[in-house]
Every structure is written in structure tokens, then in C-alpha cells.
A.B. asks: 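My questions all concern the structure below.
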Amino acid sequence: MEPDKLVFVVDDDAPLRDSLADLLRSIGLRVETFASAQEFLQSKRPDMPSCLVLDVRLKGLSGLDLQKRLIAGDIEIPIIFITGHGDVPMTVQAMKAGAVEFLTKPFRDQDLLDAVQQALERDCKVRAQRAEIAELHSRFESLTPREREVMALVVAGLLNKQVAAELGTSEASVKVHRQHVMEKLGAGSLAELVRIADKLKIPTPT
Amino acid sequence: VTESAKSKNDVPLETSIPGGAVSLESILCTEELHRRPWRAPDHGRENRALVALVSALADSPGTILQTLAEEVLEVLQADSAGLSLLTNDEKRFYWAAIAGAWQPHIGGGTPRDFGPCGDVLDGNMPMLFTHWERRYPYLQSATPLAEEGLLVPFYVNGKAVGTIWAIAHHNRRKFDAEDLRLLESLSRFASTAYQAVASIDDLKFQIAEREKAETALQELAKGLEAKVRRLVDSNIIGIFIWGLDGRIIDANEAFLRVVGYDCEDLLSGRVSWRELTPDEWQASKERALAQLAATGVCDPFENEFFRKDGSRVPILLGAALFEEGRDEGVAFVLDLTERKLVAEEALRTSEERWRAVFDNSAIGVALTDLSGRLLATNSAYQKMLGYTEEEFGKVTFLELTHEDYREANWKLITELLEGKRKQFQIEKQYWRKDGSLIWVSNNVSLVPGTKSMPRFIMALSEDITARKQAEEAARASERRYHEVEMAHANRIATIGQLSASIAHEVNQPLASVVTSASACLRWLDTQKLDEARRSATRAMEEGHRASEIIGRIRALAKKAPPQKDWLDVNETIHDVIALARSEIQRNGVALETDLSEHVPLVLADRVELQQVILNLMMNAVEAMSGVSDGPRELLVRSGTDESEQVMISVQDSGPGIDPENLDHLFKAFYTTKPQGLGMGLAISRSIIEAHGGRLWATVNAPRGAVFQFVLPVGREQVA
């Protein structure tokens, strides 16, 4: 069982929806099913690694429409599309918009399960990255304005002496600020600090 | 034979039969006379010939032989006729009188012992020759050649003195037994007449000395009365001398035999010839008397006399007034009893034969007067129409004819009466007495009238109902076959159009089957039997769902003759929606149904009904697919109309129909779609009409079109 991972199934064909849920549950996944895109949008979804198995052709809002809405709403969830017949332009559109897989009915069970596993892994990664960046941000927030200035110039490749000259202070005080920045952000080396700055997308002065 | 006579003879004298000549038998065909068809006796003509001979005897006895030849020619309708007499030295026959084609040969003759005349006298019997020149070569110069020659011996006072003959120069004239009878009759008469004119010696003298003979004949004519007396006394025909006052002045034995009186009865003056004639025969006698008064003679005419015993005798009567005084005359009477009997018998036999033909004919025969009133009908005709002969008497054939054919039929009758056509053939329908209709083929002609019968119309009528029905059945079956073919082609085309939709409808349950089956296996791997059972059950159900859809498509694609069952139209609508749903969705059309729960069952072919609904729905979807703005709504309804018929309508919100095109919509090959065949609506309409229903289109407000149809209701109701 992987109760910490959740698969959403949206399909207006009840028996197929039940079959999909059944298959996913048989390998120990948590599953939630919805008969329409609207139902899915209105639902309250738990914050945990998840993915969406979505029928392209739905009554009302179509699968592709739902994908657009999610992107527009900045809701990041990996999508596996299933469709009654291979429609090439539709497949291209869905994949460009970031779909994990596009399966044509009737599909092999393993293909679906592989796609779901892949989607969940991707979601896990994305979630981990998002958590790391959030942590770095909160740390970055704890820096004083002077420390942020020192950090920006250090990651831009300036020496302590040059930073002091730039800021009109002493080399010794720069050293102290630099020490505080490294400590607050948990960077063990200059290279590590540069990577963190990159993740935080701190603009580099030119 | 005189030198002058000899010089006229263009036939060389030959008395020996040349070598190689054919036998007598081979030029004879006398027996054939009795085998050939007889022509009917013409007694009037025969009697006129006799009268002519009597007249010749009275007026110019010298030409009696020529008159005889002419009468033979006339009565026998021969090409040549004549009289051969034996010369004094009995070595030759002398052609004493000839009429017709051989007239130029008059005065010629044949050898006594080597020629047809000699054969006839030797045999002492009539003979019929054919191409006698084959045996007697000298006759080759007697042209034109004789195809047939009929000869009878000519007797004077019981002694054969020559022959009377008739010749046909063409094979279109074949002598028959009646000709022989006539020739013998004329021969007998001539023989008697000749005896009255001259003795054998006179005759021989006349032959030897024609000039002298004529003089002698002139002298003989002076003593005519005595000679006429001879004719009278010969009692061949009844002769009596009469007065205009009714007296019978004199009569011969033959006359007495005819009327059954004896001499005293008549001469006593007790019997008036005027009273001998029954009332109904008076008119024809009066006509004869008028002619007699005007010309002195009357043509022989048929009459009847009372016999002494009160019975009647049919007679032929001819008379002439004597020149002097003009109040007396001579009349001859010929007893027609036997001939009448023969003629009546023949007539009756003939009548019976025709009656039997009429009655037993397998073909109906109807005779009508010129106004179409039925005069006579045979049993086949009566049976055909179910009327008795008496009932037919009250109607005209036009009243029996179906209204649709009366005008044309009467036009043809009119053309017949106007002589514009001799006959016509018409196929028409008759009303039978029981009110049913039959088909007949009639051959109609106008039968010309006779003296005693006005002209009438004859129809030969054949019942061709069975043939007509078979033809109609064949046509209907062909039409039906064609319709089934077209309907099938239309269904296949529609299925083609729906292929994407159908694939989706099939793949949906198949995906479900595969997925459920996979889940089932996985549950089994982990010993989760309840879950496994649930998955397997779903897989089975979904398998059925797929097969049902495939079954519907197979039914729709199958080409089978229509088969009517009691159907719930709502079920049929659901069947169709199941196939087209995906196609409707793909075109962004919202489908709504408004199906009445209380729709009666209809007797219809399921596949054909599905086809009609599918056609209407697909048309609606296509019509709306071209609409870029506004809603795309398809509404399918079922219900009943005010007359309780089942009504189904398909309504769309498309561009609608130009009211001008409402009429064309249902015609074959009418289409507004670039890829359409234009058959869908025409086929749909013919299907609905074949079910006794109606399909039509109306304009929908504010936009779109409504196609609806009604079907007659069965007795059973949906529970």
C-alpha cells in the first residue's frame, strides 16, 4: 500500500471509471473518482503526491479544457490522458501542455500502471523541489539588508576586498557578514552558496 | 364432215395412239370429284339457265346448242364449255358449239376412237380428265391447254350422240360433284329440249348441212307449239297454262304431282292458281305479277303452293305471258321440297356446329348490338362475369366495364362502327356480379349484317387476371428488392459515417473489460477473492455491453428482407442513440430526449425504423455542424398525435430549411451536402410509407428544422 500517494480518475463512463479505480487499487494506490471535470475542480484535494487519469472526451468541460484550467490556476498535477481513439493533433496539444502519457483505449494495464507510477514519481520530485526552495526562501528572508548585499556581490564572483570597496566598508566587516550569510543559508562552500542563489533566482549585479 | 368444216379444223386427224403415250387411267381423275369439297347448290342460277334454254327453244331454236354451251360455261363457272356431236360417218366428233376461251376452235373436233369424247361414250359415264394432251398429243394445239376437262355423255332418245363438256384452263378452278350434277342436269334438259327441236335424223342432217339445218330449224320453229307440247309432256318440270283470272287452262303431269290435284280438279275451274299461294307468300307473287305485266316475263322466284290435302309445297315459280291477248301465259313449277330439306338440314347441322363451338369455347364470347347491349353470351363469358344469360339481357358491356376504361373502349367501338378499323384488342377490367374486378383481354370486331340479320359486335374475351396478378407481383417484388438494396446501401453508408463513433462505443466497454480483467488477476495474486470476483463480474458485464453494440451494428449492416415485429419506439430510439452518441458529442451537439412513457407498440421492422431515426439524427447533426454560433441542440421526441398514431420527431437548431426546398427534400438524389448521396430522406420516406405512415419536415422556430413521422398503432399497449 502506498496510502501517501493518490490517483484521481475523471471519466464520464461509469463502468470504465470503476475499472480504472479497481485496477489502481489492486496495486495498493489510493484512488478518487469523478464523473466530470467540474466535479474534480470543485473537490477538495489533500496535499500529497498525486496524479490525474483523465478521459479526453467528457460531457461538458473536455479533458483538454480541464488541463488548460489547471495550468491557468497554477495547479501542478501530472496528467495521464486516455482516449477512445488516437487523435494526433489532440495528443500533440496535450503532450505540449505537459501531459505525462496519452493512452488509447483499450490500453494495456501495465502501460497505465507504468504511466501512473511515473507521474507519481514526478509529482514527488516536484513536491520535494518545491519544499527545498520554500526552506531556502525562509532562510534568505532572515538575512539583514547588508548581508543580502554582501551575498549578491560574493556570488557574482567578487573578492572580499572588492566587496568592501564596493560597499565602502572594511574588508574585516565583509568577512563577518559573509560568515553570517553562509551560516544562515547552510552553505558549506562558495560553490554551494552560488547554487542556492541560483535556486532562489537572486539577480546578479552586472 | 364437210370440207368446209374440215378446213376449220385446226386439229390434225390422228387415229393411232403414238408410242410412249400415257395410259387412259393416268389422265383420268373422276373419283376425285367426290372427294373434293362441294360448293353449295345455287338453285336460282340453275333455274335461270333452264329458263334461258326454254326461252332459246321458244325464240331461236337454231342457237339452242350455243345457248347450252354458254349456260354450261356460266353455271359451272368454267373457262370453256361446249358440245361435241358424232358425225354421220361416226368417225369423228364435231365441236358444234363452244363458249369461253375455246370459242375460236368452234367447228374443230376429235377422232371417234382416240380422244376424250370417245372415252366417255365408250365408258358411257361422266369423266374428269386432267391434261389430256399427255395421251392425245393433237390436243396440244388446242390452246389454251386444259387443266381439267369434265365430260358427260349427251343422249338423244336414249342414244349417245356426243358429249357436253366444261374445261378449266387454270388449276385454281377444280370441278366438284356439284359441277357434275349441274352438267348432268343441263345435259338431261338439253337432251329433252333437243328432242323437241329435232329428231335424230334432223340432228344428223343439221350436223352434215349446217345451212340446211338452220333452215329446217326455222321451219321447225313454226310448229313450235307441238314441240313445246313435247317439253310439257316430258314432265321434267311442272308446267301449266294460266289465265290472269286465276284459271288453270292446262297443266302437265309433273304439275299435278306437285300440287296433288288431278286433271279434273283443275280443268273444272274449281281451283284458282291465285288461291294456291298462302297469305305470307302473296307479296312475292304480287311482285312477280307486276314484273310480268311490265315485261311479259318474271324472274323465277321462290313461293309456296297449297296442295290438295292442305299441306304446303315449296316451289320455284317462273312465268311468261303469251304475246297474243296478254291475258294468258305459261308458268313452270319446280318442286323444292327435297332441296329445301337438304338445305335446311345442312343449315341446321351448320347452326348446331357453330352453336356447339360457341357454347364450348374456352374463351368468352359476347355478341352485342351497336349500342353495346348484350344479345348473346356463351357459358365461358357468363361464368367469367358471374351473370346468367337472362341477367346479361339487361346490361350493356360498357356498364360491366370498369369506369377507367369506358371512354377509351367506347372510342374504339365508335371507330369500329365508322369503319376506321376492322377490329381492335383491348386489355381492361370488368366488374363481376359479385363486385370483384377481373382483368380481360378482348378482341372485338364488327360482324357485317345479312338480309335477315342486322350487323352486330362480337367480343372474344379472355380472363387474364392471373397473368396480370403475376405480373404485378413480379413488379412489386422487383421494386421491393430494389428498395431493400437501396436501404441497405444507405445503412452501410451511414455506418461508414459513424465509424469513429462506433469505434469509440465499442472501445469503451473493451477498455473496461481489459482493465477489470487485469485488476482481477492482481487481486487473485494477493488472494483478495471478493475484490477479484467483483472485477471479473464487471469484466463480464462490460463484455456483454460491447457485444450488444456490435450486435446492433451487425443488425444494421445486415441485408435481410424486412420483418415486422411489435416494437416499442422508445427502445428503438435508445438503440440508435447508443450508436450515434459519440458522433453527436464529437460535433459538440447537446442531445436531449423527450420520450413519452405511454407510447403504443407499432408493427414495424426494427432495423428499418432504426435506419429512419438514425438518418434524421445524422442529418440534424450535420446541419448543425456548420453553425459556428448559437447552441447546437438536438431534441428527439416520441408521443402520440391527436389521432392516437405514434409520432416521432427530430428537431435541431441548425440553419433550417428554405421553405422552397421542403418539396424537394424527399426526392432521390436531392442533397445540400457536398458528400451526400441524397438518398437518405427518400429512403426514409419510402420506409415509413411502406409501414403505412407518413414522414414530413417543417421549419422550427426560431431556428432549425423538425423532421417527424407518424406510424399507425397496433392494438397492444405498452404496459
Side-chain angles (χ1 to χ4, degrees), chain A residues 1-2 7 9-29 31 33 35-37 53-65 80-90 101-117, chain B residues 498-550 577-579 581-592 631-632:
Chain A
M1 284 288 277
E2 299 185 66
V7 183
V9 174
V10 181
D11 195 317
D12 59 357
D13 188 87
L16 182 57
R17 192 166 66 230
D18 292 347
S19 308
L20 290 169
D22 193 21
L23 177 62
L24 294 168
R25 283 187 188 118
S26 74
I27 57 160
L29 289 168
V31 182
T33 59
S36 70
V53 175
L54 180 57
D55 191 3
V56 172
R57 202 180 285 180
L58 290 171
K59 273 196 199 113
L61 215 55
S62 79
L64 291 177
D65 291 337
I80 297 140
F81 277 107
I82 50 175
T83 181
H85 52 90
D87 182 336
V88 174
M90 217 186 266
E101 188 58 275
F102 204 103
L103 296 170
T104 302
K105 286 182 262 187
F107 39 78
R108 286 165 24 142
D109 58 339
Q110 200 54 55
D111 289 348
L112 177 74
L113 295 178
D114 288 351
V116 166
Q117 288 297 0
Chain B
L498 280 176
S499 59
S501 176
I502 289 166
H504 180 84
E505 293 301 335
V506 175
N507 282 338
Q508 204 71 10
L510 285 184
S512 197
V513 167
V514 171
T515 308
S516 295
S518 311
C520 177
L521 288 176
R522 283 168 211 279
W523 291 124
L524 287 174
D525 287 346
T526 52
Q527 297 294 313
K528 296 279 176 58
L529 293 185
D530 286 346
E531 284 83 351
R533 185 171 294 113
R534 217 168 26 239
S535 303
T537 305
R538 190 188 312 105
M540 207 167 68
E541 283 165 2
E542 287 296 283
H544 284 310
R545 186 175 139 208
S547 90
E548 266 171 37
I549 297 210
I550 289 166
I577 289 174
L579 292 180
R581 180 171 42 214
S582 173
E583 180 70 11
I584 294 168
Q585 230 174 60
R586 197 172 63 85
N587 281 280
V589 173
L591 171 67
E592 253 188 89
R632 296 180 181 182

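Just so we're on the same page: letters track the sequence lines, and every chain starts at 1.
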A.B. asks: Atom CG of A:D13 and atom CG of B:N507: how far apart are they, to the nearest 0.5 Å?
C.D. replies: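 The CG atom of B:N507 is 11.5 Å from CG of A:D13, to the nearest 0.5 Å.
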A.B. asks: Is there any residue in residues 513-532 of chain B with a non-hydrogen atom under 4.5 Å from a non-hydrogen atom of chain A, and which ones are they?
C.D. replies: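 From residues 513-532 of chain B, the residues near chain A are B:V514, B:T515, B:S516, B:S518, B:A519, B:R522, B:W523.
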A.B. asks: Sequence neighbours excluded, which residues qualify as side chain to side chain donor-acceptor pair (under 3.5 Å) partners of B:R581?
C.D. replies: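 Counting only residues at least two positions away or on another chain, B:R581 forms a side chain to side chain donor-acceptor pair (under 3.5 Å) with B:E505.
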A.B. asks: Charged N to carboxylate O under 4.0 angstrom, B:R534 versus A:D22?
C.D. replies: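 Salt bridge flag = no for A:D22 with B:R534.
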A.B. asks: Is the CD atom of B:E592 crowded by more than 12 outside heavy atoms at less than 6.0 Å?
C.D. replies: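 Atom CD in B:E592 is not crowded, with 12 or fewer foreign heavy atoms closer than 6.0 Å.
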A.B. asks: Examine whether an atom of A:L113 lies under 4.5 Å from a heavy atom of chain B, and if so say whether it belongs to the side chain, the backbone or both; otherwise answer neither.
C.D. replies: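 Looking at A:L113, just its side chain touches chain B.
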A.B. asks: Check A:R57 against B:S582 and note the closest heavy-atom contact, atom names and distance.
C.D. replies: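 Scanning both residues completely, I find the closest heavy atoms to be NH1-OG, 2.6 Å.
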A.B. asks: Report the option among B:S535, B:A590, B:A539, B:S512 that has the most heavy-atom pairs separated by less than 4.5 Å from atoms of chain A.
C.D. replies: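 Answer, by heavy-atom pair count under 4.5 Å with chain A: B:S512.
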A.B. asks: Any side-chain heavy atom of A:P15 sitting closer than 4.5 Å to one from B:E541?
C.D. replies: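 No, their side chains stay 4.5 Å or more apart.
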A.B. asks: With a 4.5 Å heavy-atom cut-off, do B:Q508 and A:D55 have their side chains touching?
C.D. replies: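 Sidechains of A:D55 and B:Q508: in contact.
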